[in-house]
J.: 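I have a structure I would like to understand better, so I am pasting it below and will then ask my questions one at a time.
Each residue takes its place number in the sequence, starting with 1. Bear in mind that the values here come from a model prediction, so they are computed numbers and not experimental data.
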Amino acid sequence: MLCSNNSTSPLCSFGSPWPDLNDGLFYNDAVSTSSDSGLTLIHFYSSKHKNSAPLQGWLQRIHNGQITIDGEVVKEPKAILRDGMELVYHRLPWREPDAPYLLQVLYEDDDMIALNKPPGLQVLPGGLFQQRTVLMQLQWRASKGSSSLAIQGSHPVPVHRLGRGTSGILLCAKTKVAKTSLAAYFADGTSLIGDSSNANMEQSKTRKISKIYRALVNGILNQDKIIIKQPIGTMRYPGVAKGLYVASPSGKPALSKVEVLERDSQLNQTLVQVEIESGRPHQIRIHLSFIGHPLLGDPLYDVGGQPMCFDSEHEDESFAEDGGYERPAKPVPGDCGYYLHAHQLVLSHPTKNEVIKITAPLPSILRTQAETEELM
């Protein structure tokens, strides 16, 4: 049965408690003639997958019997690889960090579902979070037949991401058609930024999706409205294999429209509304810190849109119990503590000729005084 999308009806929630341990993971590789044949097992893994573990960590995994060649466990690091061999590394089950599991349904029909994601829950698998994700809860819900998903045989998937510490609206597609359309909405909005042609200016006025966030920032913003056009790129950073997103002159175009909702001089903080017309990773956190007002409680980004800790050249070669790298001592993008909420989403329905507006209830700390009094 679908949850009601009637604004007068109570919202429903779903979610299953996380098992103590996840199922572990299996990573498959194939030996190719051109580059891999003739390498030793340890050379293959320590060079091809050096972001997963240091040399000593891969030696430990091999000695533990966690790697098979053509289905047979191999504990000899110097075993020679030949063309066509199939390699499998088994990452043993582990207890993932604590994370909430209940998800509130804000809107649902046969094409899509909009969830109110709590802070602390990751959207897609990555790093230490392979099971404790929104995607896993959606898959469990579909398999249990708790909605029309099981009947349709559909597999709902998120079509965009929210940071682990960010709460609010997460849009998910339930059909291939909806997934294609919704993903295009997000991609189109980002692609228009940076192109000032008249055609694209007109297109931006009729964009098919609009995203509005609430955020609480350090300091008092003097201007009531600010448009931030700072490009966003990457830099090397320990614990972030693909690089950390930061404010960068050579980065990709990004645009955020900031509006002050309430200033608190006593606490030296400002409540703002942010509409983003592009979807760069960590865009709001980077843009607000770039103008000198990082999100309150953000452990990573400092004034200027840069990380609080640089030292990007240092690499820690120590390894954890499973052979992988120890968690970095410095803050990383998934760390929580800041106040950012995807509050409203307006979009053209992917299959119906109508505009849908979805609102996620505000956390108390992100309400204006008037909004708090109205609720009371």
J.: If you look at every heavy atom in Tyr339 and Ile365, which pair is closest and at what distance?
T.: CD2-CG2, 3.5 Å
J.: Step by step, work out the side chain to side chain contact (heavy atoms under 4.5 Å, CB included) result for Arg132 and Asp98.
T.: CA-CA 8 Å; Arg132 299 185 179 190; Asp98 291 339; 3.9 Å; yes
J.: Determine, step by step, whether Ile212 and Gln273 satisfy the side chain to side chain contact (heavy atoms under 4.5 Å, CB included) criterion, reporting the C-alpha distance in whole Å, the side-chain angles of both residues, the deciding distance to 0.1 Å, and the verdict.
T.: CA-CA 7 Å; Ile212 295 177; Gln273 172 177 292; 3.3 Å; yes
J.: With rounding to the nearest 0.5 angstrom, report the CG to CD distance, Asn116 to Gln104.
T.: 5.0 Å
J.: For the OG atom of Ser210 and the CG atom of Leu347, what is their distance to the nearest 0.5 Å?
T.: 10.0 Å
J.: Looking at side-chain heavy atoms only, is the closest gap between Gln344 and Ile358 below 4.5 Å?
T.: no
J.: Would you say Asp111 and His349 make side-chain contact, with heavy atoms under 4.5 Å?
T.: yes
J.: Within a reach of under 6.0 Å around OH of Tyr338, are more than 12 heavy atoms found that belong to other residues, nucleotides or ligands?
T.: yes
J.: Apply the test salt bridge (Lys or Arg N to Asp or Glu O under 4.0 Å) to residues Arg285 and Asp298: give CA-CA distance (whole Å), side-chain angles for both, the deciding distance (0.1 Å), then the verdict.
T.: CA-CA 8 Å; Arg285 297 169 68 187; Asp298 193 332; 2.8 Å; yes
J.: Applying the 4.5 Å side-chain criterion to the ILVMFWY set and letting contacts propagate, would Ile284 and Val258 be lumped into a single cluster?
T.: yes
J.: Do the side chain of Asn64 and the main chain of Gln66 share a donor and acceptor less than 3.5 angstrom apart?
T.: no
J.: Judged by atom type as modelled, is there a donor-acceptor pair below 3.5 Å linking the side chain of Lys117 to the main-chain atoms of Arg164?
T.: yes
J.: Indicate the ring-plane relationship of His90 and Phe26, choosing parallel, tilted or perpendicular according to the 30° and 60° boundaries.
T.: parallel
J.: More than 12 foreign heavy atoms under 6.0 Å from NZ of Lys352: is that the case here?
T.: yes
J.: Would you say Leu170 and Leu362 are hydrophobically clustered, going by side-chain heavy atoms of ILVMFWY under 4.5 Å?
T.: no
J.: Can you confirm whether Arg161 is buried at CZ, in the sense that more than 12 heavy atoms of other residues, nucleotides or ligands lie under 6.0 Å from that atom?
T.: no
J.: Is there a side-chain contact between Pro361 and Leu106 in this structure, where contact means two heavy atoms from C-beta onward sitting under 4.5 Å apart?
T.: yes
J.: Hydrophobic side-chain clustering at under 4.5 Å (ILVMFWY, transitive links): who's grouped with Ile80? Put none if nobody.
T.: none
J.: Crowded around Glu354 CD? As in, over 12 foreign heavy atoms under 6.0 Å?
T.: yes
J.: Could you tell me if the side chain of Val134 sits less than 4.5 Å from the side chain of Leu103, heavy atoms only?
T.: yes
J.: First locate atom CZ of Arg82, then atom OG of Ser37, and finally report the distance between them rounded to the nearest 0.5 Å.
T.: 6.0 Å
J.: Any chance you could measure His287, atom NE2, to Ile227, atom CD1, to the nearest 0.5 Å?
T.: 12.0 Å
J.: Once rounded to the nearest 0.5 Å, what's the spacing between atom CG of Leu345 and atom NE2 of His343?
T.: 11.5 Å
J.: Please report the interatomic distance OG(Ser181) to CZ(Phe186), rounded to the nearest 0.5 Å.
T.: 12.0 Å
J.: Find out whether Glu373 and Gln369 are in side-chain contact, i.e. whether some heavy atom of one side chain is under 4.5 Å from a heavy atom of the other.
T.: yes
J.: Is the shortest side-chain heavy-atom distance between Pro350 and Met112 below 4.5 Å?
T.: yes
J.: Ignoring hydrogens and geometry, is there a side-chain-to-backbone donor-acceptor pair from Gln283 to Ile276 under 3.5 Å?
T.: no
J.: For a quick test of reading the model, state the closest non-hydrogen atom pair linking Leu288 to Ala215 and the distance between them.
T.: CD1-CB, 4.2 Å
J.: Hey, is the main chain of Thr359 close enough, under 3.5 Å, to the side chain of Tyr107 for a donor-acceptor pair?
T.: no
J.: Salt bridge (Lys or Arg N to Asp or Glu O under 4.0 Å) for Arg214 and Glu371? Distances and angles first, verdict last.
T.: CA-CA 13 Å; Arg214 283 285 179 98; Glu371 288 168 338; 2.7 Å; yes
J.: Quick check: is Tyr213 connected to Leu366 through a chain of hydrophobic side chains (ILVMFWY, heavy atoms under 4.5 Å apart)?
T.: no
J.: Please name all residues satisfying salt bridge (charged side-chain N to carboxylate O under 4.0 Å, His left out) with Glu259, sequence neighbours left out, ordered by chain then number.
T.: none
J.: Counting only N and O atoms by type, is there a donor-acceptor contact under 3.5 Å from the side chain of Thr166 to the main-chain atoms of Leu162?
T.: no
J.: Between Glu275 and Lys211, is there a side-chain N and carboxylate O pair less than 4.0 Å apart?
T.: no
J.: With side chain to side chain donor-acceptor pair (under 3.5 Å) as the test, would you mind laying out the steps for Gln266 and Asp264 before giving the verdict?
T.: CA-CA 5 Å; Gln266 187 174 358; Asp264 190 329; over 6 Å; no
J.: Can you give me the closest heavy-atom contact between Leu124 and Gln122, atom names plus distance?
T.: O-NE2, 3.0 Å
J.: Identify whether Leu59 and Ile69 are in the same connected component of the hydrophobic contact network (ILVMFWY, side-chain heavy atoms under 4.5 Å).
T.: yes
J.: Between Ala30 and Asp36, which heavy-atom pair has the shortest distance, and what is it?
T.: O-OD2, 3.8 Å
J.: With a 3.5 Å distance limit and no angle check, can you tell me whether Ser289 reaches the backbone of Ile286 through a side-chain donor-acceptor pair?
T.: yes
J.: Is a side-chain donor-acceptor pair under 3.5 Å present for Asn22 with Glu96?
T.: yes
J.: Given the rule in the side chain to side chain contact (heavy atoms under 4.5 Å, CB included) test, do Gln131 and Asp23 qualify, once you have shown the distances and angles that lead to the verdict?
T.: CA-CA 8 Å; Gln131 185 179 64; Asp23 299 327; 3.9 Å; yes
J.: Indicate yes or no for a side-chain donor-acceptor contact from Gln306 to the backbone of Ala247 under 3.5 Å, with no hydrogens or angles considered.
T.: yes
J.: Find out whether Thr234 and Val246 are in side-chain contact, i.e. whether some heavy atom of one side chain is under 4.5 Å from a heavy atom of the other.
T.: no
J.: Which residues satisfy the ring-ring contact (aromatic ring centres under 6.0 Å, His included) test with Tyr89, sequence neighbours excluded?
T.: Tyr27, Trp58
J.: Please indicate whether Phe129 has more than 12 foreign heavy atoms, meaning atoms of other residues, nucleotides or ligands, lying under 6.0 Å from its CZ.
T.: yes
J.: Go through the steps for Phe44 and Thr40 under the test side chain to side chain contact (heavy atoms under 4.5 Å, CB included), then give the verdict.
T.: CA-CA 6 Å; Phe44 177 89; Thr40 62; over 6 Å; no
J.: Mark yes or no for whether Lys174, through its side chain, and Asp109, through its backbone, hold a donor-acceptor pair below 3.5 Å.
T.: yes
J.: Do you know which two heavy atoms are closest between Pro119 and Gly165, and how far apart they sit?
T.: CB-O, 3.5 Å
J.: Please examine the side chains of Leu244 and Pro307, heavy atoms only from C-beta on, and report whether any two atoms are closer than 4.5 Å.
T.: yes
J.: Does Leu115 share a hydrophobic cluster with Trp140, counting links as ILVMFWY side-chain heavy atoms below 4.5 Å and allowing steps through other members?
T.: yes
J.: Ring-plane angle category for Trp18 and Tyr101, please: parallel below 30°, perpendicular beyond 60°, tilted otherwise.
T.: perpendicular
J.: In plain terms, say whether Arg95 and Asp20 are close enough for a salt bridge, that is, a side-chain N and a carboxylate O under 4.0 Å apart.
T.: yes
J.: Work out which heavy atom in Ala79 is nearest to a heavy atom in Val74; give both atom names and the distance.
T.: CB-CG1, 4.0 Å
J.: Measure from the side-chain N and O atoms of Asp335 to the backbone N and O of Val332, and report whether any donor-acceptor pair falls under 3.5 Å.
T.: yes
J.: So, the side chain of Gln269 versus the backbone of Gly219: is there a donor-acceptor pair under 3.5 Å, distance only?
T.: no
